[in-house]
Asker: 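Here's a structure for you.
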Protein chains: 2
Amino acid sequence: MEPKKAGVGKRPGDRPRRAGRAAKSSRQQPRATQADKPARAKPAASPLALGDLSQLLGYSLRRAQLWVFREFGRQLSAFDISPAQFSVLCVIDANPGVNQLAIAQLLSIERAGLGRLVDHLEGRGLVRRTASAINRRYYVLYLTDEGTALLGRIRPAAAESDKRLAAKIGPHAYRELRRALSVFLQET
Amino acid sequence: MEPKKAGVGKRPGDRPRRAGRAAKSSRQQPRATQADKPARAKPAASPLALGDLSQLLGYSLRRAQLWVFREFGRQLSAFDISPAQFSVLCVIDANPGVNQLAIAQLLSIERAGLGRLVDHLEGRGLVRRTASAINRRYYVLYLTDEGTALLGRIRPAAAESDKRLAAKIGPHAYRELRRALSVFLQET
DNA sequence: TATTGTTATACTCTATAACTATA
DNA sequence: TATAGTTATAGAGTATAACAATA
């Protein structure tokens, strides 16, 4: 939060650049010998091209997901909750008494990280952790009344976020997208 | 890489849990008073439900993107390159002489992070950084011959990754997806 | 004064390994 | 021996602020 001291700043100027700070890769070519080619340098003031990326569906997916998370995060910020925390609340709500490992597997996240996440939710009084009477290795998770109430207030925000996505890409594309991506919901 | 010492391990058992290590949230309720409800605890051996998440397109998008990145990362691991590094190589290839700020804006990543990323690519001899003769604040970036060659070898791997996505969701859904997501390519 | 690129810093995720208690 | 949960740790990625050089 409080920056102590700042960098010293370097610029493209005359002095040669060092390699990356990690120096995990060697640098072979001496810099000066080939620094004399900017004659054909076009400063790219014209619209930039994405190159192969524009043909790669994975890249479109990534951009779309970033947009959605930014939008959704904006909605969630009023509740001081992250998308990941929201997803865990949803799963506990839909499966009262679920244990942590089952959540981790369903959401494809790591046990270790999930433990800390649930720590946080429990600390905020949204989730109740109970030792299972049947198998004492398990925690058994429930939403508290406060957790249920919060989820109820978040639900409209989540729906609103989805609506903005639909507005951005159009209702037809939205329906197609939902159908095309449904595969990723019903498996590991 | 080398773990010094490991955790001490805790279990759901009898002793009360502490709050999260950060303790940024208080814990109000005493644990023992409400630990007596596991009578109706169903250990959730039945298939779990995603709850609201299954209706949230943003979640499907996230899962799809994770799948694609895992797949693509597997392809790229042979070249010791990350998806982010690959995207920068693509942009430099498509726009020789581009500067770093333009790349950062096009890909929606931060200048600071991009600097280190380019450091790494330059250290590996894939990218050449030249001070612009026109505006000495600029770096002017080109692929080296080695960078061009590497990109040429990666291209089929990227195409293969896309093909696997098409195989997973089906060719029709693939085409719909491409159309539905094209919006996210042509803007900031 | 604004812009490009840098460094430093902090925070969040993620991934892995080791450990305890339980089964 | 295997499993649920934990801790410690390291590595990425991200975000921000301050700085030098240049415009």
Side-chain angles (χ1 to χ4, degrees), chain A residues 1-15 17-18 20-22 24 43-44 62 66 69-70 73 82-85 87 98-105 107-120 122 129-141, chain B residues 1-15 17-18 20-22 24 43-44 62 66 69-70 73 81-85 87-88 98-105 107-120 122 129-141:
Chain A
M1 294 292 183
E2 37 180 8
K4 310 296 165 55
K5 209 181 300 183
V8 293
K10 247 184 303 178
R11 66 256 136 262
D14 30 22
R15 65 195 74 174
R17 286 192 84 260
R18 302 180 290 87
R21 62 197 56 62
K24 58 178 66 169
R62 168 120 184 103
L66 284 177
F69 258 46
R70 205 163 40 232
S82 74
Q85 291 166 347
S87 69
V98 72
N99 66 75
Q100 292 186 185
L101 186 59
I103 297 176
Q105 287 170 342
L107 297 180
S108 286
I109 57 184
E110 286 295 318
R111 284 181 304 170
L114 181 59
R116 282 185 295 185
L117 195 154
V118 174
D119 270 355
H120 186 239
E122 188 189 23
R129 243 175 183 150
T130 307
S132 166
I134 304 165
N135 186 330
R136 298 184 59 210
R137 283 179 304 182
Y138 284 80
Y139 275 131
V140 169
L141 303 180
Chain B
M1 295 291 183
E2 36 181 7
K4 311 294 165 57
K5 210 180 300 182
V8 294
K10 248 184 302 180
R11 67 254 136 263
D14 31 22
R15 65 195 72 175
R17 287 192 83 262
R18 303 182 290 85
R21 62 197 55 62
K24 59 179 65 170
R62 169 118 183 103
L66 284 178
F69 258 45
R70 205 163 41 233
I81 270 224
S82 73
Q85 291 166 348
S87 69
V88 171
V98 70
N99 66 75
Q100 291 187 186
L101 186 60
I103 298 176
Q105 287 170 342
L107 297 180
S108 286
I109 57 184
E110 288 294 320
R111 283 181 303 170
L114 180 60
R116 282 185 296 184
L117 196 154
V118 174
D119 270 354
H120 186 239
E122 189 189 21
R129 244 175 182 147
T130 307
S132 167
I134 304 165
N135 186 331
R136 297 184 59 208
R137 284 178 304 182
Y138 284 81
Y139 275 130
V140 168
L141 302 181

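In this text, all values refer to a predicted model and were calculated from it rather than measured experimentally. Atoms considered below: every heavy atom in the structure, side chains included; atoms not considered: hydrogens, waters and symmetry mates. Proteins come first, then strands; the chains are lettered A, B, ... in the order of their sequence lines, and each starts at number 1.
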Asker: Rounded off to whole Å, could you give me the CZ-to-P distance for the B/R116 and C/dG5 pair?
Answerer: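 Going from CZ in B/R116 over to P in C/dG5 covers 16 Å.
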Asker: Given D/dA4, C/dT16, C/dC13, which nucleotide is nearest the side-chain atoms of A/R137?
Answerer: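 When the side chain of A/R137 is considered, D/dA4 is the closest of D/dA4, C/dT16, C/dC13.
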Asker: Does the side chain of A/R129 come within less than 4.5 Å of A/D119's, by heavy atoms?
Answerer: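 Heavy-atom side-chain distance check passes, below 4.5 Å.
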Asker: Which residue, A/A112 or A/S82, contacts DNA chain C at a nucleotide closer to its 5' end, judged by nearest heavy atom?
Answerer: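 On the 5' side of the pair lies A/S82.
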Asker: Heavy atoms only, 4.0 Å cut-off, all strands: where does B/A84 land among base, sugar-phosphate and nothing?
Answerer: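 If one applies the 4.0 Å heavy-atom cut-off, B/A84 turns out to touch nothing in the nucleic acid.
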Asker: Round to the nearest Å and state the distance from A/I103 atom CD1 to D/dA4 atom P.
Answerer: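 For the pair A/I103 CD1 and D/dA4 P, the rounded distance is 13 Å.
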Asker: How long is the gap from CZ on A/R116 to CZ on A/R111, to the nearest 0.5 Å?
Answerer: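 Those atoms lie 13.5 Å apart.
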Asker: Is the closest side-chain heavy-atom distance between A/S132 and A/Y139 below 4.5 Å?
Answerer: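 SC-SC contact between A/S132 and A/Y139 ruled out.
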Asker: What nucleic acid atoms does B/Q100 come within less than 4.0 Å of, heavy atoms only: base, sugar-phosphate, or nothing?
Answerer: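 Touches sugar-phosphate only.
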Asker: Please give, in whole Å, the distance from D/dA20 C1' to B/Y139 OH?
Answerer: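 So the OH-C1' distance, B/Y139 to D/dA20, works out to 12 Å.
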Asker: By nearest heavy atom, map A/L101 and A/R62 onto DNA chain D; which one lands nearer the 5' end?
Answerer: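 With A/L101 and A/R62 compared, the 5'-side residue is A/L101.
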Asker: B/L66: which residues meet the side chain to side chain contact (heavy atoms under 4.5 Å, CB included) condition with it, sequence neighbours left out?
Answerer: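 In terms of side chain to side chain contact (heavy atoms under 4.5 Å, CB included), with neighbours along the sequence ignored, B/L66 is linked to B/R62.
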Asker: Measure CD1/B/I134 against P/C/dT4 and give the value in whole Å, please.
Answerer: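 Value for this atom pair: 14 Å.
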Asker: With a cut-off of less than 4.0 Å, is there a side-chain N or O of B/R136 near OP1 or OP2 of D/dT22?
Answerer: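 Affirmative; the distance criterion is met.
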Asker: Establish, with yes or no, whether the OP1 or OP2 oxygen of D/dA4 is under 4.0 angstrom from a side-chain nitrogen or oxygen of A/R129.
Answerer: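 Answer no for this pair, as no side-chain N or O of A/R129 is under 4.0 Å from OP1 or OP2.
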Asker: Expressed in angstrom and rounded to an integer, what is the separation of A/E122 atom CD from D/dT6 atom P?
Answerer: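 Answer to the nearest Å: 9 Å.
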Asker: Starting at CG of B/N135 and ending at C1' of C/dT3, how long is that distance when rounded to a whole Å?
Answerer: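 Those two atoms, CG and C1', are 9 Å apart.
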Asker: Let me know the distance between CD of B/E110 and P of C/dT6, rounded to the nearest Å.
Answerer: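 Atom-to-atom, B/E110 to C/dT6, this comes out as 14 Å.
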Asker: Return the value, rounded to whole Å, for the distance between atom CG of A/L114 and atom P of D/dA4.
Answerer: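 The answer, rounded to whole Å, is 13 Å.
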Asker: Ignoring hydrogens and geometry beyond distance, is the side chain of A/R111 in donor-acceptor contact with the base of D/dG5 at under 3.5 Å?
Answerer: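 Such a pair exists between side chain and base.
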Asker: B/L107: what forms a side chain to side chain contact (heavy atoms under 4.5 Å, CB included) with it, not counting sequence neighbours?
Answerer: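 Scan of B/L107 (side chain to side chain contact (heavy atoms under 4.5 Å, CB included), adjacent residues dropped) gives A/L50, A/L53, A/Y59, B/S87, B/V88, B/V91, B/I103, B/I109.
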Asker: Can you tell me if A/Y138 touches the phosphate of D/dA4, counting only side-chain N or O atoms and a distance under 4.0 Å to OP1 or OP2?
Answerer: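 The answer is yes; a side-chain N or O of A/Y138 sits under 4.0 Å from OP1 or OP2.
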